[in-house]
Participant: 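So that we are looking at the same thing, I have put the structure below in structure tokens.
All heavy atoms count here, side chains included; hydrogens, waters and symmetry mates do not. Note on naming: letters A, B, ... go to the chains in the order of the sequence lines (proteins, then strands), and numbering restarts at 1 for each one. Just so it is clear, the structure is predicted and the values come from calculations on it, not from any experiment.
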2 protein chains.
Amino acid sequence: MTSTATIADLSTAREVARQLRVDSVRSSTSAGSGHPTSSMSAADLLAVLVTRHLRYDWDNPGNDANDHLIFSKGHASPLLYAVYKAVGVISDEELMTGYRRFGQRLQGHPTPVLPWVDVATGSLGQGLPDGVGVALAGRYLDEVPYRVWVLCGDSEMAEGSMWEALDKAAYYRLSNLVAIVDVNRLGQSGPTELQWDLDAYARRAESFGARVLIVDGHDVDAIDEAYTSATNRTDDRPTVILARTLKGRGFSEVENLEGWHGKPLPAEMAQRAIRELGGESDLVVRGPQPPDEQPATRPAPREMPDLPRWEVGEKVATRRAYGDALTALGGGHPRIVALDGEVGNSTYSEEFAKAFGDRFFEMYIAEQQMIAAAVGLSVRHYVPFASTFAAFLSRAYDFIRMASISRANIRLVGSHAGVEIGADGPSQMALEDLAMLRAVQGSTVLYPSDAVSTAALVRAMVGLDGVSYLRTTRGAYPVLYDQGEDFPIGGSKVLRSSPDDAVTLVGAGVTLHQCLAAADQLAADGIRARVIDLYSVKPIDTATLRDAVAATDGRIVVVEDHHPEGGLGSAVADALLAAGAPTLRFTHLAVRELPGSGSTAEQLGAEGIDADTIAGAARALTS
Amino acid sequence: MTSTATIADLSTAREVARQLRVDSVRSSTSAGSGHPTSSMSAADLLAVLVTRHLRYDWDNPGNDANDHLIFSKGHASPLLYAVYKAVGVISDEELMTGYRRFGQRLQGHPTPVLPWVDVATGSLGQGLPDGVGVALAGRYLDEVPYRVWVLCGDSEMAEGSMWEALDKAAYYRLSNLVAIVDVNRLGQSGPTELQWDLDAYARRAESFGARVLIVDGHDVDAIDEAYTSATNRTDDRPTVILARTLKGRGFSEVENLEGWHGKPLPAEMAQRAIRELGGESDLVVRGPQPPDEQPATRPAPREMPDLPRWEVGEKVATRRAYGDALTALGGGHPRIVALDGEVGNSTYSEEFAKAFGDRFFEMYIAEQQMIAAAVGLSVRHYVPFASTFAAFLSRAYDFIRMASISRANIRLVGSHAGVEIGADGPSQMALEDLAMLRAVQGSTVLYPSDAVSTAALVRAMVGLDGVSYLRTTRGAYPVLYDQGEDFPIGGSKVLRSSPDDAVTLVGAGVTLHQCLAAADQLAADGIRARVIDLYSVKPIDTATLRDAVAATDGRIVVVEDHHPEGGLGSAVADALLAAGAPTLRFTHLAVRELPGSGSTAEQLGAEGIDADTIAGAARALTS
């Protein structure tokens with residue numbers, strides 16, 4: 001093993017590049033899967049970066065002053081892992097026996113199971129948007145001069161999200177962001193759209209506000225100059241380095257040829273490749289250390305701030321309660337940040353923005369970038385809340401899914417849930433969001449019905465790990481709970497209960513208020529109903545549900561302002577069946593017909609999720 | 001009423017513009033909601049378009065030669081409906097009593113409930129991508145010179161999908177597409193990102209390959225010239241017209257002021273606005289008729305072509321069966337078209353592409369545009385199949401949701417479902433897709449386990465309305481069914497059954513094969529298991545499931561390669577509970593832990609969805 005204390009020279013970088021190629025071939029061949037050719041195209045780019053420009057304390061990946069390295073082209077994981085060997089943080093043995101193996105950390109695409117990986121990548125077009133979030137934190141919150149280096153593929157430049165990212169990088173003047181685009185001309189199934197038209201890429205990136213440098217991606221001197229230029233900035237634009245490269249560079253049998261995407265070389269061919277590339281080596285070379293500067297201290301508070309207060313019976317929209325609660329919390333918790341998709345006056349994130357403009361990031365109508373920025377901010381240990389109309393979170397589902405794989409701690413808030421919104425019509429109605437968010441691994445899904453519970457849940461979300469989601473309602477409804485009531489995640493509230501209950505009614509959000517009205521109607525008929533506020537949809541309060549159906553002879557009506565699949569009804573059904581509930585007489589009221597415009601009352605009535613329908617369903621079950 | 005037979009002059013267009021503004025104010029004030037100011041900014045643009053350039057047979061919206069008019073800024077519906085009055089297809093009474101009212105067709109955002117509306121809009125950044133699909137049909141399939149005019153908002157230019165659209169419009173040389181961007185500078189909650197920097201917009205649109213014209217959006221002469229230029233083309237680029245406008249144009253109390261987005265004018269203010277705008281009118285003016293040319297005839301065939309054949313026991317991946325089946329069907333059905341997100345060699349859409357290159361549209365890695373193009377193609381009555389990795393359909397969930405509101409007939413095919421894919425890791429694994437697609441209103445969700453059923457279901461999808469989804473598997477598994485077996489939508493197959501069955505096992509895709517292996521294990525122990533192939537997840541075969549649980553004393557194991565929420569298990573639970581099933585002993589095996597890399601067998605085993613775990617669960621239920 002060789003090790004250098006000073007910055008490596010370019011000939012060393014060339015040697016490292018050679019080794020990165022050899023190791024990309026070796027690891028993928030040993031695993032029998034992977035993307036060696038997509039790694040080989042970017043080997044020179046990475047060799048120069050990690051030996052001479054990336055300021056990273058490899059012995060301490062938690063060093064707040066470290067630069068960040070994100071592989072937006074996550075399929076080039078052989079290259080990334082070869083880099084880890086070249087800086088001495090993983091062994092050759094791990095590379096050769098761990099890559100893509102079960103239970104190992106060198107997965108097919110990088111995830112933060114590895115301490116040097118910020119975010120999971122592999123769904124293309126996400127690493128750069130995530131990097132924008134990290135760079136936002138660096139420039140506006142940490143105020144530390146770390147740089148964010150993102151290796152991008154050329155194919156992924158077809159994703160609109162990459163342009164959302166460059167747009168926001170320019171808007172927020174992220175000169176600490178460097179996107180390196182490995183233009184190897186070949187996608188998975190054939191040539192890319194723009195192939196080697198680097199001028200076309202350049203025009204696009206420049207028009208979006210980036211400074212563009214074009215290099216030969218195999219010319220180590222040129223790469224080095226470009227990196228130097230990217231880091232010695234006289235303006236405040238992000239940098240895009242367009243590197244013309246050859247896929248499979250260095251091995252004549254695959255170099256620049258179609259048909260070699262995502263294919264490991266067969267063993268014999270790999271031997272020829274290693275020979276042509278100059279043989280195996282175990283060079284260890286480290287690049288520059290980060291500066292000593294550490295981030296501005298923004299500690300989490302010892303005690304959470306007080307929440308706003310409301311009186312029982314007062315009519316307050318839960319979306320407004322969200323804005324008020326977040327603002328109250330933000331006052332005492334300096335790591336809370338908020339983002340919105342240009343509808344802050346509807347989601348009420350504008351309250352937070354007015355109070356803490358330096359911790360609010362307007363993402364305009366770019367929901368994918370909004371979620372990615374939240375992920376990037378969570379990498380830097382901030383506590384992001386990202387809000388828009390719940391319907392429009394569907395725009396970013398792939399980003400939410402990937403956030404869960406990244407184990408990012410992000411908080412999503414979707415307003416204007418369901419047909420309750422009334423006149424705006426179905427395009428603005430979230431009717432799939434509960435299904436979408438419940439299906440995310442490790443997620444928390446919350447759906448409060450009043451202001452007091454909303455505020456309590458927002459406070460709880462601050463401390464939650466993973467992807468959490470709060471569904472809020474457009475209209476104002478009466479406050480149901482006393483100030484100070486506890487709303488544990490995974491809990492529920494029994495709002496009506498007696499020893500004579502004949503039926504259980506379960507609702508959340510607007511339908512809880514309908515359940516309460518239905519219970520009043522039923523009481524007038526002499527039928528007692530137990531009413532449950534299922535504010536925590538995931539995790540769910542199975543014990544309370546099981547007790548309720550046991551007490552009401554299996555009779556239960558679940559009502560939701562959501563499509564029938566995957567929402568409240570499914571959550572209750574899944575919980576009761578898993579708990580081995582008795583024979584159920586289960587009525588599920590949900591939004592089954594395509595809605596149009598109309599008043600809230602008309603919409604709830606037409607879809608059969610209003611008090612009258614609930615009472616009717618309960619009567620049918622008890623008759 | 002006035003009517004003109006010849007093309008209106010510009011002074012008439014000015015009169016129409018005035019009326020469009022007045023009617024936008026009147027309808028939204030009458031409804032008490034809506035977006036008059038966003039309508040007023042674009043009134044001149046629309047007046048010139050509909051009186052002098054849009055070639056549209058208003059008496060016959062089904063005329064195949066008609067131009068297409070899409071409001072990508074769907075919130076400007078008052079303007080669109082005012083246009084409908086101005087061309088005489090709706091009455092002033094409908095405008096004043098129908099807008100945003102329950103049960104009426106003039107919804108808050110336009111939907112194809114109206115015969116002149118191609119696609120539902122209102123989720124921003126979708127109308128232009130949809131228009132690309134319509135223009136693709138015009139240029140490559142219909143071969144009729146209709147034009148596609150799309151009114152875009154400036155706020156929505158922040159959506160990456162708009163750039164995916166321009167990119168594809170240029171790549172496919174869609175000179176029949178004209179995007180009119182109403183740059184009124186003000187978004188919902190404040191100024192837009194680029195405000196009136198029309199040069200910035202122009203640089204971006206040009207860099208993406210469009211021809212750009214900049215106009216004063218209130219200068220009727222300039223607008224007219226721009227439209228003339230857009231339609232007299234000497235090159236084959238799409239046109240982007242950037243129009244500098246004033247939000248609320250024409251009424252001094254709101255013009256160019258913040259705080260008036262999405263707000264109807266109060267009644268008194270509306271009176272002042274109408275007065276300032278010159279008063280009410282009922283002008284009816286029609287523009288030019290479409291040419292007589294009709295589309296190339298591509299009729300649906302009388303009989304569906306034969307499907308490929310496989311032998312029972314032969315190992316075939318369902319993704320490959322999809323490609324083979326689609327190619328076979330395409331040979332006899334000229335309206336079938338296919339799209340892919342640059343992974344056609346993985347989804348096997350490349351088989352279709354090789355056979356019918358003129359009906360295959362490579363969308364590169366732009367899933368949002370892929371779905372939108374499918375929607376646009378369905379507007380023109382083609383039969384689109386759009387494929388990518390199932391995981392990446394999550395990228396386009398908002399587009400799929402909107403497609404259902406558009407009542408578009410689109411067919412989605414997602415390959416590489418679940419942990420079955422093995423080494424690539426979680427970023428490539430679809431584990432939320434069943435939940436996501438089931439929650440779409442009116443959707444059909446199919447998940448076949450072998451090649452024969454896959455082919456049969458692909459054939460059935462050709463005739464399906466709405467959004468349908470086929471989930472395919474990476475690996476090759478034995479063919480289970482004889483050629484010619486029937487697979488009705490909403491059906492299932494009972495593969496193992498006896499009078500002594502003690503437990504029901506339900507699977508689909510890879511887990512069906514695991515259920516069959518588990519049944520063999522159980523049989524060795526003397527436990528008979530009924531095995532159901534639930535290839536139709538939505539609609540679901542409730543009767544067969546109910547009979548099975550009745551026959552097996554309520555004992556059922558449902559196994560899925562998907563997260564526990566919203567997929568197969570939920571579908572079965574929902575169906576059985578709705579059917580009033582007996583007391584269930586329900587075991588649900590699903591992917592509960594975040595997977596990594598590994599072999600298929602390791603992944604299935606680790607998540608507890610393999611034959612051993614299924615057999616163990618069945619034993620536990622029967623002991």
Participant: Heavy-atom pairs under 4.5 Å with chain B - which of A:Q126, A:H35, A:R585 has more of them than the others?
Facilitator: A:Q126
Participant: Any side-chain to backbone donor/acceptor pair from A:E156 onto B:I365? Under 3.5 Å, distance only.
Facilitator: no
Participant: I'd like to check A:E159 versus B:E367 (side-chain heavy atoms, cut-off strictly below 4.5 Å). Are they in contact?
Facilitator: yes
Participant: If you take all heavy atoms of B:D574 and A:S570, which pair is closest and at what distance?
Facilitator: OD2-OG, 3.2 Å
Participant: Would you mind telling me which of B:A31, B:A391, B:A165, B:A606 has the largest number of heavy-atom pairs within less than 4.5 Å of chain A?
Facilitator: B:A391
Participant: Report which part of B:F399 has an atom under 4.5 Å of a heavy atom belonging to chain A: side chain, backbone, both, or neither.
Facilitator: side chain
Participant: Mark yes or no for whether B:R395, through its side chain, and A:L124, through its backbone, hold a donor-acceptor pair below 3.5 Å.
Facilitator: yes
Participant: Ignoring hydrogens and angles, tell me if any N or O in the side chain of B:R401 forms a donor-acceptor pair with the backbone of A:S427 under 3.5 Å.
Facilitator: yes
Participant: Can you tell me which portion of B:S33 sits under 4.5 Å from chain A's heavy atoms? Options are side chain, backbone, both or neither.
Facilitator: side chain
Participant: Side chain, backbone, both or neither: which part of A:M370 has a non-hydrogen atom closer than 4.5 Å to chain B?
Facilitator: neither
Participant: Any sub-3.5 Å donor-acceptor pair from B:R204's side-chain atoms to A:S207's backbone N or O?
Facilitator: yes
Participant: Examine whether an atom of B:P191 lies under 4.5 Å from a heavy atom of chain A, and if so say whether it belongs to the side chain, the backbone or both; otherwise answer neither.
Facilitator: backbone
Participant: Side chain, backbone, both or neither: which part of A:S77 has a heavy atom under 4.5 Å from chain B?
Facilitator: neither
Participant: Measure the CE-OG distance between B:M402 and A:S394 for me, rounded to the nearest 0.5 Å.
Facilitator: 9.5 Å
Participant: Please assess A:D167 against B:E193 for the test side chain to side chain contact (heavy atoms under 4.5 Å, CB included), listing each intermediate value before the final yes or no.
Facilitator: CA-CA 9 Å; A:D167 177 54; B:E193 200 171 354; 2.8 Å; yes
Participant: Can you say whether the rings of A:Y397 and B:Y397 are parallel (under 30°), tilted (30 to 60°) or perpendicular (over 60°)?
Facilitator: tilted
Participant: Kindly indicate whether the side chain of B:F102, heavy atoms from C-beta on, has any atom under 4.5 Å from the side chain of A:S599.
Facilitator: no
Participant: Measuring from B:L577:CG to A:L577:CG, what's the distance to the nearest 0.5 Å?
Facilitator: 5.0 Å
Participant: Using a 3.5 Å distance criterion without hydrogens, assess whether the side chain of B:E164 forms a donor-acceptor pair with backbone atoms of A:G160.
Facilitator: yes
Participant: Can a donor-acceptor pair be found, under 3.5 Å and without considering hydrogens, that links the side chain of A:E565 to the backbone of B:G566?
Facilitator: no
Participant: Using a 4.5 angstrom heavy-atom cutoff, name the option from A:K538, A:K168, A:Q107 with the most pairs to chain B.
Facilitator: A:Q107
Participant: Side chain, backbone, both or neither: which part of B:A366 has an atom under 4.5 Å from a heavy atom of chain A?
Facilitator: both
Participant: Heavy-atom distances under 4.5 Å only: say whether A:S155 touches chain B with side chain, backbone, both or neither.
Facilitator: both
Participant: Work out which heavy atom in B:F392 is nearest to a heavy atom in A:D398; give both atom names and the distance.
Facilitator: CD2-OD2, 4.2 Å
Participant: With respect to chain B, which residue among A:H563, A:E362, A:E342 yields the maximal number of heavy-atom pairs within a distance under 4.5 Å?
Facilitator: A:E342
Participant: Taking B:R203's backbone N and O only, do any of them form a donor-acceptor pair with A:R203's side chain (distance below 3.5 Å, no angle check)?
Facilitator: no
Participant: In terms of heavy-atom proximity below 4.5 Å to chain B, should A:T121 be classed as side chain, backbone, both, or neither?
Facilitator: backbone
Participant: Just so I understand: if I count every heavy-atom pair under 4.5 Å between each of A:G125, A:G425, A:A435, A:S123 and chain B, which residue has the most?
Facilitator: A:S123
Participant: I need the residue from A:A202, A:G34, A:G422, A:G122 with the largest number of non-hydrogen atom pairs under 4.5 Å to chain B.
Facilitator: A:G122
Participant: Quick one: pull up CG in B:L431 and CD1 in A:I405 and give me the separation to the nearest 0.5 Å.
Facilitator: 8.0 Å
Participant: At what distance, to the nearest 0.5 angstrom, does CZ of A:R407 lie from CG of B:L594?
Facilitator: 4.5 Å
Participant: Measure the spacing between OG of A:S404 and CD of B:E432 and express it to the nearest 0.5 Å.
Facilitator: 6.5 Å
Participant: So what's closer than 4.5 Å to chain B heavy atoms on A:P129: side chain, backbone, both or neither?
Facilitator: neither
Participant: Would you mind telling me which of A:A571, A:A439, A:G187, A:G598 has the largest number of heavy-atom pairs within less than 4.5 Å of chain B?
Facilitator: A:A439
Participant: Answer yes or no: are there more than 12 heavy-atom neighbours, outside B:E593 itself, under 6.0 Å from its atom CD?
Facilitator: no
Participant: Would A:E350 and B:S189 count as a side chain to side chain donor-acceptor pair (under 3.5 Å) here? Give the steps.
Facilitator: CA-CA 9 Å; A:E350 72 171 10; B:S189 63; over 6 Å; no
Participant: So which part of A:H109 gets closer than 4.5 Å to some heavy atom of chain B, the side chain, the backbone, both or neither?
Facilitator: both
Participant: Drop me the distance from A:H75's NE2 to B:D424's CG, to the nearest 0.5 angstrom.
Facilitator: 11.0 Å
Participant: Among B:F586, B:F208, B:Y99, B:W163, which has the most heavy-atom pairs under 4.5 Å with chain A?
Facilitator: B:F208
Participant: Without swapping roles, check the side chain of A:Q441 against the backbone of B:R592 for a donor-acceptor pair under 3.5 Å.
Facilitator: yes
Participant: Is there a donor-acceptor contact under 3.5 Å from the side chain of A:N345 to the main chain of B:Q188?
Facilitator: yes
